Number of protein chains: 2
Amino acid sequence: MNGEPHVEAARSSIQPVMRSEVFHDPATDVVLDVISSGVAAADVITIHATCEVEYEGRAAGYLGLGDRIILCKPDGTLLVHRPTGNDPVNWQPPGTTITTETEDGNPVVIGRRANPDEVVRVVLHTVALCTRVDADDTAPLELSGTEADMHQYILEHPDEIEPGLRVLEHERDTPYGSIDVYANDSEGRPVVIEVKRRQATLTHVDQLNRYMTQYRTSNPNARGILVAPAASEGVKRALEEAELEFVGLSEFAAQNTNVSSTTINDFTPD
Amino acid sequence: MNGEPHVEAARSSIQPVMRSEVFHDPATDVVLDVISSGVAAADVITIHATCEVEYEGRAAGYLGLGDRIILCKPDGTLLVHRPTGNDPVNWQPPGTTITTETEDGNPVVIGRRANPDEVVRVVLHTVALCTRVDADDTAPLELSGTEADMHQYILEHPDEIEPGLRVLEHERDTPYGSIDVYANDSEGRPVVIEVKRRQATLTHVDQLNRYMTQYRTSNPNARGILVAPAASEGVKRALEEAELEFVGLSEFAAQNTNVSSTTINDFTPD
DNA sequence: ACCTCCATTTCGGGA
DNA sequence: TCCCGAAGTGGAGGT
């Protein structure tokens with residue numbers, strides 16, 4: 001049964017199914033053929049193999065023999081996954097050119113890209129499984145609870161930040177960074193707001209402080225507010241020292257994204 | 001051939017091979033059994049399926065029908081990959097509990113974790129392929145060209161930063177952030193060095209500036225140097241305004257990690 | 001557990 | 001293309 005493909009074609013035009021081929025314990029030439037023909041046909045290729053991985057580019061790496069799952073996507077993505085961990089142990093982002101060669105009779109998968117110039121080389125010592133499927137996926141990911149949603153909420157409910165706040169501008173780019181929200185307070189003072197969807201950190205203070213330091217040279221009375229669901233004591237101290245303010249929007253704390261009766265839950269498709 | 005497993009056991013104790021089972025176009029109960037038994041056996045499970053994905057946790061998401069590859073790892077990692085993109089469209093990091101259920105006769109994969117409380121639910125409408133393999137991988141990843149390597153290089157070659165520089169300390173933690181390198185220049189002035197292994201950005205300037213602002217209250221003549229392979233004009237301007245300096249270490253520019261005769265190339269295993 | 005920072009970060013948007 | 005900042009960032013290391 002070695003190398004014998006099990007083909008399952010689409011069974012109907014109404015509900016098309018992924019066309020898939022599986023090669024069990026395939027010989028080297030079968031692996032090479034599946035990869036090259038699969039890449040040419042824009043299929044997704046998965047390989048279960050004991051392999052070795054070399055990487056050279058922005059950094060350089062070597063990974064000795066082990067059992068991994070290799071994924072080759074039609075957009076050039078190359079992923080090498082270990083049996084543990086969220087992130088691939090080696091990878092190559094979209095835009096990579098995937099080719100093959102042999103080394104000591106073993107099939108080798110090569111992912112090469114320019115800018116940055118990087119190569120990942122996967123030497124397949126024992127291939128347990130090699131598959132190619134024709135995958136079609138155009139559904140948009142609908143995601144809510146992002147920072148963009150929080151911006152929208154603030155634009156529509158400025159009083160939640162501070163009574164009398166009037167929003168004047170959203171996402172203004174400047175040479176010293178971009179401002180999330182520009183507003184005036186009830187006394188007409190300029191207010192710059194930096195929004196974070198999760199616990200505020202020092203880098204967030206930095207970001208606001210960088211802009212405010214510049215802005216205050218021409219607007220000494222300008223206020224800077226960091227808006228986030230929460231902030232550590234260190235962050236609050238850093239804010240005070242920079243004469244900046246913190247406003248906690250606990251509605252946006254984690255595990256509370258499905259608030260009803262607000263606009264936060266409105267989906268914002270790609 | 002539906003649901004019939006193709007089993008390939010290890011063939012020798014000398015060179016063990018991944019034990020693998022493949023189910024082609026499996027029925028719902030087969031999918032459910034493969035997942036639950038595979039999870040129990042600490043196997044890696046891959047599913048090629050047309051599916052729907054729901055996510056709720058720090059944010060909330062919905063992904064309509066499409067062809068994807070689902071990966072379940074024995075450490076609880078759950079990955080849903082589209083045919084494009086480096087990153088999974090939905091995922092659950094290690095530590096997740098993977099369970100199954102059915103919905104309208106379709107198998108459903110559920111990944112649930114606490115802290116943060118998050119759930120990913122994958123509704124499998126048509127499963128083309130379902131595999132489980134017993135993967136073993138203990139090889140350490142050897143990686144060079146990281147920021148740690150750059151630190152080491154600077155510690156051993158301080159003159160590359162500036163003639164006469166004497167390094168006094170490495171990685172000092174403070175309430176206002178950690179310093180990469182603390183040194184004295186040829187005139188005895190304190191020098192704080194922030195090291196970046198790639199093109200410097202404004203946030204890197206922030207990081208150095210945050211600390212220097214504090215440090216200079218007690219050491220007004222202290223110098224702050226950002227060391228990186230390169231920096232944009234905006235970064236250099238921001239540095240000047242904060243009275244900080246930039247030193248370009250072009251040896252560490254991308255695509256130049258394999259410099260010979262230096263220590264940068266020494267592997268630093270996990 | 002919290003906080004900070006690196007990452008071969010990747011990804012998307014704007015100039 | 002570069003530059004900048006978000007991400008359901010993940011992961012490591014220290015306190």
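Being a predicted model, the structure only gives us computed values, none of them experimental. Here is the naming used below: chain letters follow the sequence lines, and residue numbers restart at 1 for every chain. Excluded from the calculations below are hydrogen atoms, water molecules and symmetry mates; all remaining heavy atoms, backbone and side chain alike, are included.
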| said: Categorize A/V89 for me: base, sugar-phosphate, or nothing, with a 4.0 angstrom heavy-atom threshold over every strand shown. | reply: base

| task | Check whether any side-chain nitrogen or oxygen of A/K196 sits under 4.0 Å from OP1 or OP2 of D/dG5, and answer yes or no. | result | no

| request: When you get a sec, tell me which of D/dG5, D/dC3, D/dG8 is the closest nucleotide to the side chain of A/S178? | output: D/dG5

| Most 5' of A/D87 and B/W91 on DNA chain D, judged by nearest nucleotide | B/W91

| message | Just N and O in the side chain of A/R197: are any of them under 4.0 Å from OP1 or OP2 of D/dT9? | response | yes

| For A/G177, which contact category applies under a 4.0 Å heavy-atom criterion: base, sugar-phosphate, or nothing? | sugar-phosphate

| message | What contact category does A/E147 fall into here, base, sugar-phosphate, or nothing, at under 4.0 angstrom with non-hydrogen atoms? | response | sugar-phosphate

| task | Before accepting this row, confirm whether a basic side-chain N of the pair A/R121/A/E56 lies closer than 4.0 Å to the acidic partner's carboxylate O. | result | no

| Phosphate OP1/OP2 of C/dC3: any A/Q199 side-chain N/O under 4.0 Å | yes

| said: Please tell me whether A/E52 and A/Y62 have a donor and an acceptor in their side chains that are separated by less than 3.5 angstrom. | reply: yes

| Starting at the 5' end of DNA chain C, which residue's closest nucleotide do you reach first, B/G85 or A/E118? | A/E118

| note | Taken to the nearest whole Å, CD/B/Q92 to P/D/dG8 is 13 Å

| message | Between B/L71 and B/T77, is the side-chain contact (heavy atoms from CB on, under 4.5 Å) condition met? List the steps. | response | CA-CA 8 Å; B/L71 217 59; B/T77 303; over 6 Å; no

| task | Whole angstrom is fine here: how far is it from NE2 in B/H204 over to C1' in C/dC5? | result | 10 Å

| remark: To the nearest angstrom, the CD1-P distance between B/I193 and C/dC5 comes to 17 Å

| A/L226 CG - D/dG5 P separation (whole Å) | 14 Å

| Roughly, in whole Å, what's the span from CD in B/E142 to P in C/dT8? | 15 Å

| note | The nucleotide from C/dT4, D/dC3, C/dT8 with an atom nearest the side chain of A/L202 is C/dT4

| query | Looking only at atom P, what distance separates D/dC4 and D/dG8, rounded to whole Å? | reply | 22 Å

| field | Nearest-angstrom distance from the residue atom CG of A/D149 to P of D/dA6 | value | 15 Å

| query | When the P atoms of C/dT4 and C/dT8 are considered, how many whole Å apart are they? | reply | 22 Å

| task | Decide whether B/T146 and B/D149 meet the rule of one side-chain donor and one side-chain acceptor closer than 3.5 Å. | result | yes

| task | Using the side chain to side chain donor-acceptor pair (under 3.5 Å) rule, collect all pairs that involve residues 223-237 of chain B, keeping only residues at least two apart or in two chains. | result | B/E162-B/R223, B/D185-B/R223, B/R223-B/E245

| query | Quick one: is D/dG8 close enough that its OP1 or OP2 comes under 4.0 Å of any side-chain N or O from A/T146? | reply | no

| 5'-most by nearest nucleotide on DNA chain C - A/Y55 or A/E171 | A/Y55

| Spacing between B/N115 atom CG and D/dG8 atom C1', to the nearest angstrom | 14 Å

| field | Selected nucleotide, minimal atom distance to A/N86 side chain, candidates D/dT9, D/dG11, D/dC4 | value | D/dG11

| task | Please state whether the base of D/dG8 and the side chain of B/N90 form at least one donor-acceptor pair under 3.5 Å? | result | yes

| query | Has A/R198 got a side-chain N or O lying under 4.0 Å from the OP1 or OP2 atom of D/dT9? | reply | yes

| Do any side-chain nitrogens or oxygens of B/Q207 fall under 4.0 Å of OP1 or OP2 in C/dC6? | yes

| message | Please determine whether a side-chain nitrogen of the Lys or Arg among A/E147 and A/R197 lies less than 4.0 Å from a carboxylate oxygen of the Asp or Glu. | response | no

| request: Using only side-chain N and O atoms of A/R58, determine if any of them is under 4.0 Å from OP1 or OP2 of C/dT10. | output: yes

| request: Quick one: label B/R172 by what it contacts on the DNA or RNA (base, sugar-phosphate, nothing), any heavy atom closer than 4.0 Å. | output: nothing

| message | Nearest whole Å is fine: how far is C/dC11 P from A/L143 CG? | response | 15 Å

| query | Under 4.0 angstrom, heavy atoms only, what part of the nucleic acid is B/E233 near: base, sugar-phosphate, or nothing? | reply | nothing

| message | Using the side-chain heavy atoms of B/R113, tell me which of these nucleotides is nearest: C/dT8, C/dC5, D/dG8. | response | D/dG8

| message | Could you check whether B/E118 pairs with B/R58 (Lys NZ or Arg NE/NH1/NH2 to Asp/Glu carboxylate O, under 4.0 Å)? | response | yes

